[in-house]
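Throughout, a chain's letter reflects where its sequence line sits, starting with A, and its residues are numbered from 1. Just so you know, these numbers use all the heavy atoms, side chains as well, and skip hydrogens, waters and symmetry mates. This is a predicted model, so every value here is computed, not measured.
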Amino acid sequence: MKLAIPVDEKNIEAPVSESFGRAPFFLIYNTDTQENTFVDNAAAASSGGAGIKAVQIIVDYAIHALLTPRCGQNAADVLKAADIQIYQSMPGSAKANIEAFEDNRLPILDEIHAGFHGGH
Amino acid sequence: MKIAVLSGKGGTGKTLVSVNLAAVAKTATYIDCDVEEPNGYLFFKPKNTQKQPVAVKIPKWNAELCNGCRECVEFCKFNALAYIKDKLFIFDEVCHSCGGCSLLCPQKALTEENKVIGNIEKGSSDGVTVHTGILNIGEVSGIPIIKLLLSNNPTQKEDWTLIDCPPGSACSVMESIQGADYCVLVAEPTLFGVHNLQMVYELVQLLDVPYGVVINKSIDSENPAETFCRDKKIKILSRIPFDHILAELNSNGEIAVRTDETYRAMFSDLLKTIQKEVHSETIAHSER
Ligand code: SF4
Ligand code: SF4
């Protein structure tokens, strides 16, 4: 199973990023092979729709689940369409969150934030 | 003369000021750009209203023609498109209607479709032409309506146009004060009022439009809003006293200057003060 986690640094010990759409990198982790890859988040600098673009990026890595502290409505809609389950990460490193996920200790994220529309 | 009336939050007297200024000017145009909650028409009760729908163009996807090249997704700099599992997702409220994706699609799988987001109503009330922008519930951006409201109304220099802006300091407010000759910031005298005033004050400074403040519900001569204006050297154009007659007229949906001589004189003075300010600003500007 492949996971995506927004991170601030290209390091599995790095803390999970505060935001999904605006995180600088995504860690793509394969729980079967323990392989990890870091992907640049080209959406981080977008003025709007960052969440939508970020989902497009991770979807292309054929992931099954996203671990994130929060998620906007638009991103959640696309994730759902792509059959990607969203789990709520806990404070701490990406590594600690992967372990928690494998122990089934992460809850499904059901509190979705209404979209931020760039201040219109 | 285009005068924009704004405030940091709703309910501070923005509509009271813009409606009464328009009414006291006799022949004037009143434009309600507070499209999420327009309420100026409740006072003017305009007659002979005409309605015009406002639509934006949103791409429509034809699954059969699409070959999944994703050029549209790459192109859209607003990230309004996503291509997931052989399906194109279009986020209407993120789309800025630039039309680019439809032009670019090599398969002609995208076409532009009109989507009605609200209306503009135009009517008249005793010499005042009343324009109201109404954003449909559920729509996110009223900017296309505001743009149309303002472009429908190119002002002659000698005519008065009063623009009732949306509350706050977001893009929609910036859009509403585009091309205004002067901004009237309405504030309440409390500390909280100053906080809201600060927001719009920063905005008008940024956009470099001349401005002055009207303090509404003024009780004491010494209050946080007065202090703020003194410190920042902002001109106070008028102080509207807190009184029951005005509150009652207002809550009954009546226009104070049309029913009460005191208010008529007060708003007429305010209008003159604004006129003087605009005039001296114009001179100052041409000398700069
Ligand atoms: S550009 Fe046209 S053909 Fe290519 S993915 Fe978009 S809609 Fe489909
Ligand atoms: S019309 Fe412009 S903003 Fe809207 S989806 Fe197409 S490219 Fe994006």
Exercise. Does atom NZ of A/Lys95 have more than 12 heavy-atom neighbours, drawn from other residues, nucleotides or ligands, at distances under 6.0 Å?
Worked result: no

Exercise. Just how far is it from atom CD1 of A/Ile52 to atom CD1 of B/Ile90, taken to the nearest 0.5 Å?
Worked result: 11.5 Å

Exercise. Is it true that atom NZ of B/Lys9 has more than 12 heavy atoms of other residues, nucleotides or ligands lying nearer than 6.0 Å?
Worked result: yes

Exercise. How about residues 77-86 of chain B versus chain A: which residues have heavy atoms under 4.5 Å apart?
Worked result: B/Phe78, B/Asn79, B/Leu81, B/Ala82, B/Tyr83, B/Ile84, B/Lys85

Exercise. So, do B/Phe89 and A/Asn74 sit near enough that their side-chain heavy atoms are less than 4.5 Å apart?
Worked result: no

For this session: Heavy-atom distances under 4.5 Å only: say whether A/Ala42 touches chain B with side chain, backbone, both or neither.
Result: neither

For this session: Taking atom CD of A/Glu102 as the centre, report whether more than 12 heavy atoms of other residues, nucleotides or ligands fall under 6.0 Å from it.
Result: yes

For this session: Could you look at B/Val73 and say if it's the side chain, the backbone, both or neither that has a heavy atom under 4.5 Å from chain A?
Result: side chain

For this session: Please list, chain by chain and in numerical order, all residues satisfying side chain to side chain contact (heavy atoms under 4.5 Å, CB included) with A/Asn97, sequence neighbours excluded.
Result: A/Val16, A/Leu67, A/Ser89, A/Met90, A/Leu106

Exercise. Does CD belonging to B/Gln205 count more than 12 external heavy atoms closer than 6.0 Å?
Worked result: yes

